[in-house]
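Notes to accompany the following structure.
To find a chain, count down the sequence lines: A is the first, B the second, and so on, and within it residues start at 1. Computed from heavy atoms alone, side chains included, the values below leave out hydrogens, waters and symmetry copies. Everything numeric in this text was worked out from a predicted model, so none of it was measured.
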Amino acid sequence: MAEDSKIFEENKNWSRKLEKEIEGKVNSLKWNFSPSSGKNIFSIDTPPPYTSGRPWHLGAAAQYSKIDAIARSQRMLGKEVLFPIGMDRNGIPVERYAEKKYDIRMRDTPREKFIDLCRESLDELEKEMFDILRSFAYSADFDQVYRTDSVEYRKLTQSTFIEMWKKGRIIRGTRPSNYCIDCGTTIADAEIEYKEMDTSLVYFYFKIKDSNKKILVASTRPELLGACSAILVNPEDERFKDFVNKTAITPIYNREVKIIAHSYAKAEFGSGAVMICSYGDYNDVMIIKELQLPENIIIDTNGRMNENAGDKLKGMKVKEARKEIISMLQEAGCVEKIEDIQHRTPMCERSKTPIEIIPLDEYYLKVTDIKDKLEELANELTMIPEQHKQILINWLKVSTDWPISRRRYYGTEIPLWYCKKCNEPYVPEEGKYYQPWKENPPEGAVCSKCGGKEFVGDDRTFDTWMDSSVSALYVTKYLSDKNFYEKTYPLSLRTQGIDIIRTWLNYSILRCYLLTDKLPWEKAWIDGMGLDEHGEKMSKSKGNGIDPTIVIEKYGADAFRFWAASEALPGSNFLFSESRLQGSAKFLTKLWNVARLINKFGNSYDINEIQLNESDKWIIAYMEKLTEECRKGYEELNPFIPANRVREFMWNVFAPHYIELVKARAYGESFSENEKKSAIYALNYVFRRILLLMSPITPFITQTLWSTLYKEESIHYQMIPEAKGYDDKLLLLGDRIMEFNSKVWNAKKEQKLSLRDAIKIEIPRDLEPFEKDLKSMHNIIN
RNA sequence: GGGCCUAUGGUCUAGUGGUUAUGACGUCUGCCUUACACGCAGAAGGCCGGGAGUUCGAACCUCCCUGGGCCCACCA
């Protein structure tokens, strides 16, 4: 024992230093999945981290550490666990990252070259990501990392797209999109920033048809007058009561538009009447859709007015056109006044120019016709916690067809070509990875419509969620291994954050259902968000993100993992607090020191040779109860329960009451050999169990203690035993012991005695079986 | 503006329709008691956001209000 115990002599505290010593061992354990092991399969669809963010913030690392605790605990409950790790590497964020890093612009860079630079960036970022994951012993199968930009993965994305194309689920449509004129592309909502801009609010009159009345409208976008399709007034607004359902005549263009009562128009703003144009903003989009108003597009993708704007404005840029139409309106005598106002304008985050909402020809995945079915599926899915299901249900109610094409470079290519003669799309067969922007269609391709043999490739990519939404199919080998797929799909569990319910969860259900006719998983475990110490979401723009590597280096990975598990129930948001993390580190040191004590006594006793003492029976019964509770927590995918139960037991029962009660006996002072052995047996019985219960949450310290104290193979290959039956009466007696202890401590305090001083105090009759231990613990002399 | 969630001692958190509401951190007091001062023991501190209701009884169920968080939409 002496040699192994050196670590205990040299270290009074658990620390990151000790974790580093065991890191190699902990991370070298293999977690390969074997579908034919005969055990029940527990398969997890984990989020492939997005590789562009730096640093990966603490909230995300905390979430992954909880997911890891779930995977580890399922193994220790006897399951064959599929716990894959992937990297999400497609899409706009990495393109941006590369642009910034190499000071280039995507569209000014040859596509091949740009793709190479993106891939280079990704490889670096990915390495950092793996390092972080390994630093807290994430136990996925790192021998089989998947990447969403690999040929294999993109093949799956494309094949499943083609499958859906053949099923008629892909539609082509021209719908309003965010369009940055400067960048020449559609951009995502997330890429828009709002900025207060000085602008003019122009008040001008429309004539009412067949009347000499006029209606006053206020607009910041008068250049869109030619695209005006209605005027809205609030139904409660007395000023306009008589105008509702009348027809107005647009100045300049002399077109007829209806005046409609609609709550969107606010009486307080401007003149109280608003003109709806295609498209000034997304309200216009909504209103035009809702009221089924005609669409009249007057701005082209170069940011110039087109022929629909009239001869005078045609060819002008938006700003010039605005100036021009104002003077035209003034000449026509329609302008009442012009106010200078501040206006929040949607701008392209990158070019800092206003975006326009322009209908573009894009592909959509049709969902609107199966919304009822999706809602049904959502209701069938078990969500943990159940309350978060509402977010998905609510979203399903308002969601529309999913636009899936992007005018970008670094993504999975849309596998389509178009006939040069008639523009008919040509769809290749599934099962290969296609790059239409640089490849010809497969040999022998013929246009199904006109028989043409020359094609031009689609140069767009997919929305990156098209890739990640089939992760459940990729990890179960949907295309590549039928046997494996049938054993593992649907998966047992999806784990993810609450922030991507509308995207990843929603799109995954949609895609997998359309392809397999089933929900991809039995359960979805939805975690809350990591917030900063003030309860605000961590984000780059706020600058309040915390780097997990710094925290882990300072306090240790186990302290971090224990903090994450014990801080909040899964599903709740959790606030980062350094002092609470310190509390977790202290707890690990407590565990460490209990081990140091137990180590002094050795442990090689056979239960069959020992007559157990009453105190020892009590703590073992307590341990069985705790095991039962913790197992239940793990079965419910809730590491919060074991983390907190074990901590409470350790710190409030085991260390202060039980250990103090039996310490002298374990040292063997004035006790029989059997009494001594009984104490040592129970101390080890309980401590081993504690280590097992803790090991999914704190893999480092438990591994170190397990190998130092018990010299057995890795704790991470052990099972958590089922709880044995226990006697409730014994537990009640245990509570009486703890009450009595406090009573004695209080008495000593009142009498200004030190804790080891002798005291005269009566031991309650029901505690007679424990009398000898109690006397030695408190130095009671009667 | 719309939706969802949430509200428990200074801070953060657990909790069940029913006797003195859980734990952690912090605070105060006393202790280096053969594992731990990152410790031990003791103590203070909460009308469980406000109001109404259901009930024999509510922190726990219902409604309203208020505060907070998140998502969506953002002012023609």
Point to revise | Trace of the side chain to side chain contact (heavy atoms under 4.5 Å, CB included) decision for His778(A) with Trp745(A) | key: CA-CA 8 Å; His778(A) 295 295; Trp745(A) 285 324; 3.9 Å; yes
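- At the phosphate of G15(B), neither OP1 nor OP2 sits under 4.0 Å from any side-chain N or O atom of Asn644(A).
- Rounded to an integer number of Å, the gap from CD1 of Ile215(A) to C1' of A76(B) is 13 Å.
- To the nearest 0.5 Å, the span separating CD1 on Ile526(A) from CD1 on Ile498(A) amounts to 8.0 Å.
- Geometrically, Lys676(A) does not engage Phe671(A) in a cation-pi contact, judged by NZ or CZ lying under 6.0 Å from the ring centre and within 45° of the ring axis.
- Nucleotides C28(B) and A44(B) are separated by 16 Å at their P atoms, to the nearest Å.
- With both ends at atom P, the span from U27(B) to C63(B) equals 42 Å, rounded to whole Å.
- The gap from the P atom of G67(B) to that of G49(B) amounts to 16 Å, rounded to the nearest Å.
- Protein atom CD1 of Ile526(A) is 15 Å distant from nucleotide atom P of C71(B), rounded to whole Å.
- Atom CD of Gln751(A) is separated from atom P of U33(B) by 20 Å (rounded to the nearest Å).
- Residues Asn599(A) and Arg596(A) bring no donor and acceptor atom of their side chains to less than 3.5 Å of each other.
- Taking the charged nitrogens against the carboxylate oxygens, Lys632(A) and Glu629(A) have no contact shorter than 4.0 Å, which rules out a salt bridge.
- When the P atom is used for both U11(B) and A76(B), the distance is 40 Å, rounded to whole Å.
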Study note, to complete from the structure: Each nucleotide of nucleotides 2-14 of chain B classed B (base within 4.0 Å of a protein heavy atom), S (only sugar-phosphate) or -, in 5' to 3' order, makes -SSS------BSS
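- In this structure, CD of Glu660(A) is placed 11 Å from C1' of U34(B), rounded to the nearest angstrom.
- Asp757(A) comes within 4.0 angstrom of no nucleic acid atom, judged by non-hydrogen atoms across all strands.
- Separating the P atom of U8(B) from that of G51(B) is a span of 16 Å, rounded to the nearest Å.
- Taking atom P on both G23(B) and A14(B), the two are 15 Å apart, rounded to the nearest angstrom.
- Of the P atoms belonging to G10(B) and C48(B), the separation is 13 Å, rounded to the nearest Å.
- In this structure, Val274(A) and Arg756(A) both approach RNA chain B, and ranking their closest nucleotides by distance from the 5' end singles out Arg756(A).
- Between C38(B) and C25(B), the two P atoms lie 13 Å apart (nearest whole Å).
- The CG atom of Asn652(A) sits 16 Å away from the C1' atom of C36(B) (whole-angstrom rounding).
- Taking 4.0 Å as the cut-off between side-chain N and carboxylate O, Glu9(A) and Lys6(A) do not count as a salt-bridged pair.
- When the P atom of U33(B) is taken as reference, atom NZ of Lys752(A) falls 19 Å away, rounded to whole Å.
- Residue contacts shown for Ser271(A) are absent, as no nucleic acid heavy atom lies under 4.0 Å away.
- In this structure, C40(B) forms a base pair with G30(B), meeting either the Watson-Crick or the G-U wobble geometry with both donor-acceptor distances under 3.5 Å.
- Nucleotide A7(B) forms a pair with U66(B), judged by Watson-Crick or G-U wobble geometry with both contacts under 3.5 Å.
- A salt bridge is absent between Glu628(A) and Arg645(A): the closest approach of a Lys/Arg side-chain nitrogen to an acidic carboxylate oxygen does not fall below 4.0 angstrom.
- Checked for salt-bridge contact, Arg221(A) and Glu356(A) meet the test: a charged N lies under 4.0 Å from a carboxylate O.
- If you take CG of Leu232(A) and P of G1(B), they are 19 Å apart, rounded to a whole angstrom.
- Across all strands shown, Lys663(A) has heavy atoms under 4.0 Å from base atoms, whether or not it also approaches the sugar-phosphate.
- Under a cutoff of 6.0 Å and an axis angle of 45°, Lys66(A) and Phe574(A) form a cation-pi pair.
- When only modelled atom types and interatomic distance are considered, Lys389(A) and Asn379(A) share no side-chain donor-acceptor pair under 3.5 Å.
- Contacts of Gly497(A) with the nucleic acid, taken as non-hydrogen atoms under 4.0 Å apart, are absent.
- When Watson-Crick and G-U wobble pairs are counted only if both distances are under 3.5 Å, C56(B) pairs with G18(B).
- Put simply, CZ on Phe740(A) is 17 Å from C1' on G42(B), counting in whole angstrom units.
- Mapped onto RNA chain B by nearest heavy atom, Leu201(A) and Asn593(A) fall at different nucleotides, with Asn593(A) at the one closer to the 5' end.
- Base pairing annotation: C75(B) forms no Watson-Crick or G-U wobble pair, as no partner gives both donor-acceptor distances under 3.5 Å.
- Under the 3.5 Å distance criterion, with hydrogens and angles disregarded, a donor-acceptor pair is assigned to the side chains of Tyr555(A) and Glu578(A).
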Polar-atom pairs under 3.5 Å, protein N or O versus N or O of nucleotides 37-40 of chain B: list them with distances, or write none.
from   : atom 1 : to        : atom 2 : distance (Å)
A37(B) : OP1    : Lys12(A)  : NZ     : 3.3
C38(B) : O2     : Thr589(A) : OG1    : 3.4
C38(B) : N3     : Asn13(A)  : ND2    : 3.4
C38(B) : N4     : Asn13(A)  : ND2    : 2.2
G39(B) : O3'    : Lys590(A) : NZ     : 3.2
C40(B) : OP1    : Lys590(A) : NZ     : 2.8
C40(B) : OP1    : Trp651(A) : NE1    : 2.8

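- Ser579(A) comes within contact range of the sugar-phosphate backbone alone, with a heavy-atom separation under 4.0 Å but no base atom that close.
- Heavy atoms of Ala595(A) sit nowhere under 4.0 angstrom from any nucleic acid atom.
- Taking a cutoff of 4.0 Å between a charged side-chain nitrogen and a carboxylate oxygen, Glu739(A) and Lys743(A) do not qualify as a salt bridge.
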